Amino acid sequence: MNLSNLTALELGKKIQSKEISVWEAVTASLDAIQQKEHELNCFIAFDESQAKKRASEAQKDIDRGVLASPLAGVPMAVKDNLCVEQFYATCGSKILEHFMPPYTASAVRALLQQGAVLLGKTNMDEFAMGSSTETSYFGATKNPRNAAYVSGGSSGGSCAAVAAGECFYALGTDTGGSIRQPCAYCGVTGIKPTYGTVSRYGLIAYASSMDQIGPIAKDVSDCAAILEVISFFDKKDSTSIRRGALDFTSALVDNVEGMKIGIPMNCFGSGLDREVRDAILSAVSLWKQKGAQIEAFDFQYMDYAVAAYYVIACAQASSNLARFDGVKYGYRAKTYDGLNEMYEKSRSEGFGEEVKRRLLLGAFALSEGYYDAYYIKALKTRTLIKREFDELFSRFDVLLSPAAFTAAPKIGESLKNPVGMYQSDAYTVSANLAGLPALCLPCGKTKDGRPIGMQLTGDLFMEKKILRAAYAFEQIRKEQKQCKTDTKQS
Ligand code: GLN
């Protein structure tokens with residue numbers, strides 16, 4: 001049996017029924033890593049002996065009947081901005097190359113308690129700043145569907161590892177689209193939950209008011225199951241919310257009868273690649289056939305979202321990253337003359353170009369005389385965007401839009417034009433500005449075989465609605481694929 005085609009839940013079921021051992025599951029992932037890693041570079045670090053040790057512990061607990069979680073024994077990976085004891089947490093940066101955190105992020109801990117087998121830490125854009133995983137100090141992660149193309153970013157390592165079968169699911173983080181956009185490029189599924197749903201304790205901050213951890217997996221059911229495990233109130237994160245409706249797997253029902261889906265038509269303008277547009281619009285007709293009600297509208301503040309996002313994200317990053325000064329964490333310059341020069345040289349040598357650009361932008365936006373003109377204005381824009389969503393969700397259950405303008409671009413293209421790269425986040429950043437849940441799932445392929453994804457956004461705490469809409473769509477796609485193989489065989 002080719003295990004790498006199984007979803008995490010399918011594998012978990014076979015592990016519980018003793019059809020497959022945890023050892024076999026881990027070996028399948030390690031074999032895939034062995035075969036593909038040198039080309040793809042999905043991981044910054046993996047630990048084979050730890051994974052094997054975890055595997056036999058998990059197997060023992062399953063055999064004793066004390067570990068019955070559907071994810072027990074399933075090999076997984078986490079993005080390298082999440083702290084895990086005994087693993088370096090580099091954030092894709094030279095400045096944290098040798099930073100070993102003394103504790104484990106709450107979300108990761110919750111999965112480990114359910115018997116997850118952690119394989120290692122995945123590659124990412126430096127400090128999660130980027131859209132291609134090319135700003136990583138450890139080199140780019142290539143797209144497993146075609147290695148001449150990027151995996152997307154910043155959770156490119158996690159998405160590529162899942163798509164390549166190097167792990168069965170992964171955790172990513174999303175500040176402005178970093179789960180959804182690489183999911184679209186790699187043809188996998190991921191969800192950014194409502195802000196405050198998953199504890200940020202142990203996540204190295206980029207822009208604290210927008211960062212969220214979320215699952216990346218092969219399908220919607222896996223995402224719901226993983227999200228259910230990592231969502232809980234955590235007193236260690238002051239922005240963690242006590243909320244209900246956390247039984248996400250209960251939303252996996254194939255029924256969208258009467259569901260109101262809004263389509264922001266101005267997201268489908270001339271900037272959007274034709275093949276991406278056609279794939280998403282044909283998805284719309286499938287939902288219609290299933291009884292969903294579709295209505296078009298224009299997203300009024302869409303054009304301001306990128307500007308507001310980058311001012312806020314860079315400002316918060318410049319404050320968050322001030323702690324990396326060569327004293328407490330990671331890298332320190334070899335030679336310096338006095339304290340100031342030590343700071344200056346450690347930071348100049350330790351941070352990459354994109355991070356420095358953003359720290360300068362952020363410090364500028366927060367400086368006296370410009371604070372009102374940029375930061376406060378961006379916060380006001382954020383409020384307008386949130387209000388527009390409030391109005392939209394009084395009319396719609398979910399909104400459907402692209403996750404990116406094109407399928408994955410070629411390696412090297414995005415870095416040539418940083419502002420162009422910022423603009424390419426136009427579809428994803430609004431959900432983060434408003435704190436909303438948003439999911440990305442595959443909906444087709446380009447003629448040359450690159451995956452195309454689409455995005456479903458819901459109101460605050462309405463993950464279940466987007467999961468239901470996504471699940472129903474996935475069922476139609478599965479039926480269509482089955483029909484195709486049946487006709488081929490007959
Ligand atoms: N591309 C966006 C940025 O660079 C989003 C990153 C993210 O979500 N971490 O800020």
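Whatever order the structure lists them in is the order used to number ligands and atoms, beginning at 1. Because the structure is a prediction, the values reported are computed rather than measured.
- Ring pair Tyr149/Tyr185: centre-to-centre distance not below 6.0 Å.
- Ring centroids of Phe87 and Phe46 are separated by 6.0 Å or more, keeping the two rings apart.
- Heavy-atom separations between Arg358 and ligand 1 include at least one value shorter than 4.0 Å.
- By the 3.5 Å distance cut-off applied to N or O atoms, Tyr309 is counted among the residues near ligand 1.
- Near Ser131, the atoms of ligand 1 lying under 4.0 angstrom from a non-hydrogen atom of the residue are 1 (N).
- Taking the six-membered ring for Trp and the full ring otherwise, Phe324 and Phe127 have centroids separated by under 6.0 Å.
- Using a 4.0 Å cut-off between a side-chain N of Lys or Arg and a carboxylate O of Asp or Glu, Lys36 and Glu39 do not qualify as a salt bridge.
- Ionic pairing of Arg109 and Glu85 is present here: one or more N-O contacts between side-chain nitrogen and carboxylate oxygen are shorter than 4.0 angstrom.
- Taking distance alone, with nitrogen or oxygen atoms compared against 3.5 Å, Met129 stays at or beyond that limit from ligand 1.
- Using a 4.0 Å cut-off between heavy atoms, Ser154 contacts ligand 1 through its side chain alone, with no backbone atom that close.
- Heavy atoms of Thr175 found under 4.0 angstrom from ligand 1 belong to the backbone as well as the side chain.
- Nearest non-hydrogen protein atom to atom 6 (C) of ligand 1 is Ser178 OG, 2.8 Å.
- Applying the 4.0 Å criterion to heavy atoms of Asp174 picks out, from ligand 1, the atoms 8 (O).
- Put simply, the residue from Asp247, Asp459, Asp397 that forms a salt bridge (charged side-chain N to carboxylate O under 4.0 Å, His left out) with Lys464 is Asp247.
- With respect to atom 2 (C) of ligand 1, the closest heavy atom belonging to the protein is Asp425 OD2, 3.1 Å.
- Within the structure, ligand 1 lacks Tyr422 among the residues with a heavy atom less than 4.0 angstrom away.
- Between the OH atom of Tyr103 and the SG atom of Cys83 there is a distance of 4.0 Å, given to the nearest 0.5 Å.
- Within ligand 1, the atoms closer than 4.0 Å to a non-hydrogen atom of Ala128 are 6 (C), 7 (C), 9 (N), numbered from 1 in the order shown.
- Compare Gly176, Gly152, Pro418 by their heavy atoms: the one nearest to atom 8 (O) of ligand 1 is in Gly176.
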